[in-house]
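Have a look at the structure below before the remarks.
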Amino acid sequence: MATTSQPAVAQTGMLIRKPAAEVFNAFIDPAVTTHFWFTRSTGKLEKGKEVIWSWEMYNVASAVQTVDIVPNSRIEVRWFDGFDMKAGDPGTRENATRVLWTFTPHGDNATFVEVVNDGFSGDAATVCQKALDSNGGFCWVLAGLKAYLEHQLELNLVGDRFPTGK
């Protein structure tokens with residue numbers, strides 16, 4: 001199958017009615033993030049550091065390397081292919097995509113969060129499917145974030161997306 005030279009980009013955004021510092025922290029600090037996205041992390045996001053994010057309901061984990069952090073404004077990571085948690089971390093870091101979150105204040109008490117995920121690899125069909133899956137996933141993440149920060153509701157959207165596993 002042919003590879004594609006056309007970049008596929010997943011991009012979505014959502015207005016969260018909370019200050020930028022609080023919304024930004026929700027992605028930095030796993031004590032908050034685990035209420036709306038992954039179930040476990042080996043630590044907070046810090047520039048130049050790697051963490052492992054786990055989705056225990058799917059038995060999957062991924063290594064994430066933080067490329068850049070601008071407090072309350074921007075987070076950029078390299079997100080590597082997931083691995084089966086039962087098999088353990090293979091230690092290899094292949095097929096990274098870039099994920100960029102930007103946080104734009106809207107007044108004092110609202111923030112527009114935009115997520116861009118790019119750098120997908122594979123043949124044209126695979127790249128397209130990865131971008132579509134990523135876009136859908138980040139839509140669920142932002143909806144869960146909104147419910148949690150604005151209304152203190154844990155909707156379990158990510159876990160409920162594939163109730164019998166993926």
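Between E114 atom CD and L142 atom CG the span is 10.0 Å, to the nearest 0.5 Å. If you take OG on S121 and CD on E94, they are separated by 9.5 Å, rounding to the nearest 0.5 Å.
Taking 4.5 Å as the limit, every side-chain heavy atom of V64 sits out of range of all side-chain heavy atoms of F80. When side chains are defined from C-beta on, V113 counts as touching V23, because their heavy atoms get closer than 4.5 Å. You'll find the side chain of F103 reaches within 4.5 Å of the side chain of I75, heavy atoms only. A heavy-atom distance below 4.5 Å is not found between the side chains of Q129 and V127. Taking 4.5 Å as the limit, every side-chain heavy atom of Q11 sits out of range of all side-chain heavy atoms of V115. Counting heavy atoms from C-beta outward, I28 and I69 have side chains that approach closer than 4.5 Å. Residues K49 and Q65 are not in side-chain contact: their nearest non-hydrogen atoms beyond the backbone lie 4.5 Å or more apart. Using a 4.5 Å cut-off on side-chain heavy atoms (C-beta onward), T39 and Y58 make no contact.
A donor-acceptor pair is defined here as one N or O able to donate and one able to accept, closer than 3.5 Å; no such pair exists between the side chain of Y148 and the backbone of T33. Side-chain atoms of S41 do not come within 3.5 Å of backbone N or O of W53 as any donor-acceptor pair. No donor-acceptor distance shorter than 3.5 angstrom exists from the side chain of T66 to the backbone of K47, with no hydrogens or angles considered. Here the side chain of N117 pairs no donor or acceptor atom with the backbone of T97 at under 3.5 angstrom.
Nearest approach of N109 to P19, heavy atoms of both residues: OD1-CG, 3.8 Å. A pairwise comparison of heavy atoms in M57 and G159 identifies CE-CA, 3.6 Å as the closest pair. The nearest pair of heavy atoms linking L145 to A26 is CD1-CB, 3.7 Å. Residues T34 and R40 approach most closely at CG2-N, 3.9 Å, considering heavy atoms. Among all heavy-atom pairs drawn from S62 and D81, the shortest one is OG-C, 4.1 Å. Closest approach of A8 to A131, counting heavy atoms only: CB-CB, 3.8 Å.
For an aromatic pair to be called close, the ring centres must be under 6.0 Å apart, and F27 with F36 satisfies this.
In the hydrophobic clustering of this structure, V32 groups with V141; members are Ile, Leu, Val, Met, Phe, Trp, Tyr whose side-chain heavy atoms approach within less than 4.5 Å, directly or through other members. In the hydrophobic clustering of ILVMFWY residues, with side-chain heavy atoms under 4.5 Å counting as a link, L153 and L157 come out together. W79 and V51 fall within the same hydrophobic cluster, where Ile, Leu, Val, Met, Phe, Trp and Tyr residues are linked whenever their side-chain heavy atoms come under 4.5 Å apart, directly or through other members. V77 and F120 fall into different hydrophobic clusters, where Ile, Leu, Val, Met, Phe, Trp and Tyr side chains are chained together by heavy-atom contacts under 4.5 Å.
Between E150 and K18 there is no salt bridge, since no side-chain N of the basic residue sits under 4.0 Å from a carboxylate O of the acidic one. A salt bridge links R74 with E76: at least one charged nitrogen is closer than 4.0 Å to a carboxylate oxygen.
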Derivation of the side chain to side chain contact (heavy atoms under 4.5 Å, CB included) call for R161 and W140: CA-CA 9 Å; R161 172 61 182 96; W140 291 121; 3.5 Å; yes
Check the pair W37 / F138 against ring pair (Phe, Tyr, Trp, His ring centres under 6.0 Å), numbers first and verdict last. CA-CA 9 Å; W37 191 6; F138 280 115; 5.7 Å; yes
